[in-house]
Amino acid sequence: MTLAKVLVSACLLGRPVRYNGSAKTLEDALLERWISEGRVVSVCPEVMAGLPIPRSPAEIANGASGAAVLEQGGRIVEADGKDVTAAYLAGARIALEHAVRHDCRYALLTDGSPSCGGNFIYDGSFEGRRIDGEGVTAALLRQHGIAVFSQSEFSSLAAALDG
Ligand code: SF4
């Protein structure tokens, strides 16, 4: 039987790829097992799109969500107002390509990110205000039928993957 694969945010896997050069490592023995079983496909949409480490933090503007960016109504901007929508969209498409190529029907993504957020993001004010919503990569994956879980939902993902 082929073991189901899961797309995972690289920063959860300990890669220092976040905007500030840090990781957001999720330490879990089950995740370690999945890695050893070859079930984990690591992606960082932003770095795969060519953005540098470190890079300026970015948020989806005006309290919009990732779906609005995909529909070309929303924008992703850096704190100084620079529009980086194109790069974030490119990263989302690359992540989707990886998911399709590896037949991932599940993804474990870092919440809060304008790319990977699955449950919450920030409102575009750069004042640390969280809102319900999803990043552009999470939105694109969901539009293609991939179930997205955040790191706080790891046990739900484990149940879905092996259930
Ligand atoms: Fe992590 Fe996703 Fe941000 Fe890359 S784009 S640093 S994988 S949250």
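Since the structure is predicted, the reported quantities are computational estimates derived from the model, not experimental observations. As a basis for the values below, the full set of heavy atoms in this structure was taken, side chains included, without hydrogen atoms, waters or symmetry mates. Both counts, for ligands and for their atoms, begin at 1 and track the order of listing.
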> Partners of Phe154 by ring-ring contact (aromatic ring centres under 6.0 Å, His included), sequence neighbours excluded?
Replying inline: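 ring-ring contact (aromatic ring centres under 6.0 Å, His included) list for Phe154, sorted by chain: Trp34.
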>> Under the criterion side-chain contact (heavy atoms from CB on, under 4.5 Å), I'd like the reasoning laid out for Tyr122 against Arg130: C-alpha separation, chi angles, the key distance, then a yes or no.
In response: CA-CA 4 Å; Tyr122 291 88; Arg130 291 181 177 197; 3.6 Å; yes
> Using a cut-off of 2.8 Å, how many protein N, O or S atoms lie below it in distance from atom 2 (Fe) of ligand 1?
Replying inline: 1
> Roughly how far apart are Ser9 OG and Arg18 CZ, rounded to 0.5 Å?
Replying inline: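 Reported to 0.5 Å precision, the distance equals 10.5 Å.
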> How far apart are the C-alpha atoms of Glu134 and Ser65, what are their side-chain angles, what is the distance that settles it, and do they pass the side chain to side chain donor-acceptor pair (under 3.5 Å) test?
Replying inline: CA-CA 6 Å; Glu134 59 192 355; Ser65 190; 4.7 Å; no
> Should Leu7 and Val136 be regarded as members of a common hydrophobic cluster, given that ILVMFWY residues are connected when their side-chain heavy atoms come within less than 4.5 Å of each other, either directly or indirectly?
Replying inline: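 Linked within one cluster.
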> Take atom CG in Asp80; do more than 12 heavy atoms of anything else shown fall under 6.0 Å from it?
Replying inline: yes
> Where on Arg55 is there a heavy atom closer than 4.0 Å to ligand 1, on the side chain, on the backbone, on both, or on neither?
Replying inline: side chain
